[in-house]
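Chain letters run A, B, ... following the sequence lines, proteins first, then strands; residues in each count from 1.
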Protein chains: 2
Amino acid sequence: MANLNTDLLTPSVAIDCVVFGFHENELKVLLLKLKNIDLWALPGGFVHKHVDIETEAHNALELRTGLDNIFLKQFHTFGSIERNDTDHNKMLVDKKVIPEEWFPWFNQRFISIGFYALVEYSQVKEPIPGPISEACEWCSVNDLPPLMLDHEHILTVAHETLKKELNNQPIGLNLLPKRFTIPELQSLYETILGKKLDRRNFRRKVMSFGILVCTNERRTGVAHKAPLLYEFDEASYIKANEAGLSSGW
Amino acid sequence: MANLNTDLLTPSVAIDCVVFGFHENELKVLLLKLKNIDLWALPGGFVHKHVDIETEAHNALELRTGLDNIFLKQFHTFGSIERNDTDHNKMLVDKKVIPEEWFPWFNQRFISIGFYALVEYSQVKEPIPGPISEACEWCSVNDLPPLMLDHEHILTVAHETLKKELNNQPIGLNLLPKRFTIPELQSLYETILGKKLDRRNFRRKVMSFGILVCTNERRTGVAHKAPLLYEFDEASYIKANEAGLSSGW
DNA sequence: TTTCTTAGTGTCAATAAGACACTAAGATAT
DNA sequence: ATATCTTAGTGTCTTATTGACACTAAGAAA
C-alpha cells in the first residue's frame, strides 16, 4: 500500500483489530507505532469492495503477524461522528505520517468495525510494520503508549468483551502453546480478568469442562516442582465453545 | 425521503433494526412490506454524515413507531459481499419499489450495522410505512413473510443474541407494560427462549433478582384466579442490567 | 354448587461454588 | 548431603443454586 487505490475500497468503512497475546504473565496487544510521531495505532485497514469484512480483517492481521489462521471475532462497530477529526488528519499530513494526497480519503467520516484476535505470542516471530508505521510491537495492556483517535476506547471495549466471553466459553486454545500447564492456564485467566483465582477451585472448574487432556509429561528445566503438561482436546473444546458454558435458562 | 440526497449520506453504510414486541404470547417483529412486490424488509436506513450510528438507528425507529425513547442495542455488523446483489436491485427498480435514479446508490456495496430494539407492543399505535414500503406491520417471529436479501439472517442473529442476553441481564422493562403479572413475564421468557419453564422455579429465580415490586393489586376481569400485578423497580433493574446476572469467574 | 383452569406456595435432593490445609517434588543455598 | 524455599497437586466441608415435584386458593363457566 505504498499507493492507495481508493477506487477499490469501500468508502467510509474501516476495520480495527485488537490482537491479544499472552507473555510473561502479561496480556499484550499488538500495536503499530506511527512514523515521525509518538502515537500508536491498532492494526487494521480498509475494506476492498469485493472482500468480506471478516476476510479483510484476516488479511490485515496476516500482513502484521505472518499468521494465516488467527482466531478472530467481531465485537463492536464504532460509529461516533467524533471519530472524524480533521485536525488529527491534518496533523498526520504535517508530520508526514501519510502523504498529502491521502488526506481526502483519511478525512472521510469512517465507521470502524472492531475485531479482536487471540494469537499465540511466540508464533509471531517479528511483527511487521505497515506503510504508515515504523514499528509493530507487543504492548502490555496495563501500560499502553498514547493511541490515536479512539483506539484506546476500542481496546478497552475489546478487553471487556474478552472478560465476558470467559463466562460463556473456554479460552486458551488460541493464546497458549500446544502444551501448557494448569498454573499457566490459570495465570492466563487471572491476567485477562485482572484478579486472582483460587488454585484448587480453578483446577476443579476447568477440569469439569472436559476439554483438557493430560500428557503425563512434565515441564522440565523449571524451578520447583515440575508441573504436568496438558493439551486441549480440540473436538471437545470446539463443542464447549459452541454450546457455551453457562446454562442460565 | 421522497428524494434521496446522497451527498448527505455516509456511503456504503446502512443500518437494520430488528424491533421486537410481545403480544398474545408471541414474539413479534416490526417489518415493512415493500411496494408492488411480496417482499418484506427490516426497518433501517442510511447514515447521515454528521450523525452517530446509534442516533441514526433511533431516528429510523422513531419514524416507524412514533416512539422516541426506544431500547436499542447494536448486536452485529453484516459485511458479506453477497449482500451486494445487483439483480436484486434491478428488480427493485423494475417493480418500481425504488425510482431508477436511486439505483446507483442502492447498488453500492453496503455493510449493515444490526441493532435490535425492545418495545412495548401496545405503545406502537400505528406503525408507519416508509418511502419504499406500503405497510408496516408486526409479524410473528415464527411465521415470517419472505424477506429481502439477508434480512431473515439478520433477524435470526438478533433473536439468538436476545436469547443469550437473557442469561446476562433481566429483560422485560422495555417489552411489557408498566404493570404485569409473573405469569406474563414467564410467558415472555418462554416465548423468547422457545421453551417451557417451571412456574415455581421461574418465580423463585426472577424474585431473587430483586427487581420486582408487588403492587398488591390484582388483574381483574380475567378468567380464573386473579394474578397479582408487579412493576419493575427501575433503579434495581438498571443496576442488575449493568452488573450482569451470572457471576462466572 | 360443581367443575375447570390458572395462581400461588414449600420441600427435598442433586449439583455447583467457595473456603481452606496438607503433602510432594524440584531448585538452591549452606 | 541436607535443609530450605517455592510451587504443584489433592480433598473435604459448608453454603448457595438448581431442578423436580404436589398441593391449596380463587375466579369463571357450566
List in numerical order all residues of residues 214-230 of chain A for which some heavy atom is under 4.0 Å away from an atom belonging to DNA chain D.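 A:His224, A:Lys225, A:Pro227, A:Leu228, in order of number.
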Could you check, using the six-membered ring where one of them is a Trp, whether A:Tyr121 and A:Phe22 have ring centers closer than 6.0 angstrom?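 A:Tyr121 vs A:Phe22: aromatic centres not under 6.0 Å.
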Does the separation of the ring centres of B:His159 and B:Tyr116 fall below 6.0 angstrom?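 Here the rings of B:Tyr116 and B:His159 have centres that are no less than 6.0 Å from each other.
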Separation of [N] [atom2] from [X] [atom1] (nearest whole Å):
X: B:Phe202; N: D:dC21; atom1: CZ; atom2: C1'; answer: 19 Å
X: A:Leu245; N: C:dA17; atom1: CG; atom2: C1'; answer: 15 Å
X: B:Arg203; N: C:dT6; atom1: CZ; atom2: C1'; answer: 11 Å
X: A:Arg199; N: C:dG18; atom1: CZ; atom2: C1'; answer: 15 Å

Residue met sooner reading DNA chain D from 5', once B:Ser208 and B:Asp198 are mapped to nucleotides: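 Closest to the 5' end, via its nearest nucleotide, is B:Ser208.
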Could B:Arg83 and B:Asp16 be called an ion pair, given the rule that one side-chain N must be under 4.0 Å from one carboxylate O?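 Salt bridge flag = yes for B:Asp16 with B:Arg83.
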Do NZ/NE/NH1/NH2 and the carboxylate oxygens of B:Lys178 and B:Glu120 come within less than 4.0 Å?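 No salt bridge links B:Lys178 with B:Glu120.
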Is the phosphate of [N] approached by [X] (side-chain N or O, under 4.0 Å from OP1 or OP2)?
X: A:Arg204; N: C:dA17; answer: no
X: A:Arg200; N: D:dG11; answer: no
X: A:Lys205; N: C:dA17; answer: yes

Has B:Arg64 got a side-chain atom pairing as donor or acceptor with B:Pro127's backbone, closer than 3.5 angstrom?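 It does not hold such a pair.
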When you measure from the side chain of B:Asp198 to the backbone of B:Asn201, do you find a donor-acceptor pair of N or O atoms at a distance under 3.5 Å?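 Confirmed, B:Asp198 side chain pairs with B:Asn201 backbone.
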